[in-house]
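See below for the structure under consideration.
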Number of protein chains: 2
Amino acid sequence: MARREKIPPASPEQRDTYHHGDLKRALTEAALGLVSEKGPKGFTLREVARRAGVSAAAPYRHFADKADLLAAVATQGFVQLHETLNAVAAETTDLHARMVNMARAYVYWAVSHPDYYQAMFGAETDKSDHPELLTAGGRAFADLLDAIAQCQEAGILPNGDPLEIAGPTWSLLHGISTLSIGHDLSHVGIRDDPQALAERSLKALLLA
Amino acid sequence: MARREKIPPASPEQRDTYHHGDLKRALTEAALGLVSEKGPKGFTLREVARRAGVSAAAPYRHFADKADLLAAVATQGFVQLHETLNAVAAETTDLHARMVNMARAYVYWAVSHPDYYQAMFGAETDKSDHPELLTAGGRAFADLLDAIAQCQEAGILPNGDPLEIAGPTWSLLHGISTLSIGHDLSHVGIRDDPQALAERSLKALLLA
DNA sequence: ACCTGAACACCGTTCAAGT
DNA sequence: ACCTGAACACCGTTCAAGT
């Protein structure tokens, strides 16, 4: 009775076999839940399989190994981050405010989803082995790049390769995010307010 | 013959029993080696014990658990980083150059010791549980803080709480370090030159 | 084609027992 | 006091066998 019941697929051509309807999706969703409950640390393939109601060997039909499933989780994280940044960019017309709001949104999303963020940037995931993870990450980064390019066109930022500005900016936001998640800011006596820190730092970095 | 021979302790009051001379030190050194060989990922307590030539249970006489031993490794990392920063500060008299050189030294040490850096800032280590790790980290951070304070006295940086400047600065250097270690810079098309990026970013952040 | 059951080679951790 | 040996409850992964 502890097991969750399998939801039969809605499509009528699927018979009621012992087969799972869409195990791949069920596994990624179980993995998503497990990561946000216990972090990538307490993430085990066997537990994911248990939650999906299948045997420990079943995931290997759909994922090469544990790292492959974790990469799928990280990919979802980048998709979410991209959607968040995109929404903020769309709802802010003033270019100056847009940069600030995107910076605040970036760190806010990161500290609100520490386990996703860790799956996305932690050492357990090597992006080179997972091309779809690279493209998802690239899309989120492109949001930042676009905002910078538009500021350059408007004369708010100095002209040149947007990457030259995106490098320091992303490093700053990533650093604030990871230090805040690890409680390292407060450990050395810095007030743990990542959004305020991001806004203040970004202004110092770009708009001096 | 694969096992390393135990080095008998020099102190004469130690008899030649089956006891290890200084197992705690031997374990941390084995752990240090293992971390820099395979990273904190391939770090297992049983392998550390094997390298020290003791049983799998022996480490528990000296460390509460695996995390406690990893914290000892991280502490050593902070000690090394502190010594590095301190040396750079001592050998550069010009305050402007000192800030830049310390920034370059920070990211260079980080990317040269990715496994230590991961042990120091990775999610597997919770600093709150290990006070000696907090103090070691605090000492390294104090190097940055001191350099900033001296720049403020010399009028190179604006007056006020040094923490207000240290927060953005550390975030920036930490972000550059972790993104470079994870190969995330090159993945999005940024040239992976952390020292150059650190110098350029720091100047934009502080000396505008 | 997709999944199970059992197995293999590991883990971290505990605890009685040895010296 | 310090360490060993054996045990427990787990892992990730593989593979024959089932449906």
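Computed from a predicted structure; not experimentally measured. Lettering follows sequence order; numbering is per chain, from 1.
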Rounded to whole Å, the CG-P distance (B:Leu23 to D:dT4) equals 8 Å
A:Arg61 atom CZ is separated from D:dG18 atom P, nearest whole Å, by 16 Å
Listed pairs under 3.5 Å, donor-acceptor, residues 80-89 of chain A side chains, sequence neighbours left out:
residue : atom : partner  : partner atom : Å
A:Gln80 : OE1  : A:Trp109 : NE1          : 3.4
A:His82 : ND1  : A:Asp143 : OD1          : 3.4
A:His82 : ND1  : A:Asp143 : OD2          : 2.6
A:Thr84 : OG1  : A:Gln80  : O            : 2.9

Residues 119-132 of chain B vs salt bridge (charged side-chain N to carboxylate O under 4.0 Å, His left out), sequence neighbours excluded, gives A:Asp184-B:Lys127
Residues passing the ring pair (Phe, Tyr, Trp, His ring centres under 6.0 Å) test with B:Tyr117, sequence neighbours excluded, are B:Phe121, B:His174
Checklist entry - Hey, mind stepping through B:Asp192 and B:Ser180 against side-chain hydrogen bond (donor to acceptor under 3.5 Å, both in side chains) and telling me if it holds? => result CA-CA 6 Å; B:Asp192 191 4; B:Ser180 176; 2.8 Å; yes
Sorted by chain and number, sequence neighbours left out, side chain to side chain donor-acceptor pair (under 3.5 Å) with B:Arg139 holds for none
Kindly give the atom pairs (protein nitrogen or oxygen, nucleotide nitrogen or oxygen) under 3.5 Å for nucleotides 11-14 of chain D.
residue : atom : partner : partner atom : Å
D:dC11  : OP2  : A:Arg50 : NH2          : 2.8
D:dG12  : OP1  : A:Leu45 : N            : 2.8
D:dG12  : OP2  : A:Leu45 : N            : 3.2
D:dG12  : OP2  : A:Arg46 : N            : 3.0
D:dG12  : N7   : A:Arg46 : NH1          : 2.5
D:dG12  : O6   : A:Arg46 : NH1          : 2.9
D:dT13  : OP2  : A:Tyr60 : OH           : 2.8
D:dT13  : OP2  : A:Lys66 : N            : 3.0
D:dT13  : O5'  : A:Tyr60 : OH           : 3.1
D:dT13  : O4   : A:Arg46 : NH1          : 3.3

Using only side-chain N and O atoms of B:His62, determine if any of them is under 4.0 Å from OP1 or OP2 of D:dC3. yes
So, with a heavy-atom separation below 4.0 Å from DNA chain D, the residues of residues 118-132 of chain A are none
By side chain to side chain donor-acceptor pair (under 3.5 Å), B:Thr169 pairs with (sequence neighbours left out) none
Hits for salt bridge (Lys or Arg N to Asp or Glu O under 4.0 Å) against B:Arg104, two or more places apart or cross-chain, chain-then-number order -> B:Glu199
Residues at least two apart in sequence or cross-chain that pass side-chain contact (heavy atoms from CB on, under 4.5 Å) with A:Arg46, listed by chain then number, are A:Thr44, A:Arg50, A:Ala56
By side chain to side chain donor-acceptor pair (under 3.5 Å), B:Glu91 pairs with (sequence neighbours left out) none
Stems field, DNA chain C, Watson-Crick or wobble, 3.5 Å, at least 3 pairs, by first number, holds C:4-8 with D:12-16, C:12-16 with D:4-8
Sequence neighbours excluded, the answer for salt bridge (Lys or Arg N to Asp or Glu O under 4.0 Å) partners of A:Asp146 is none
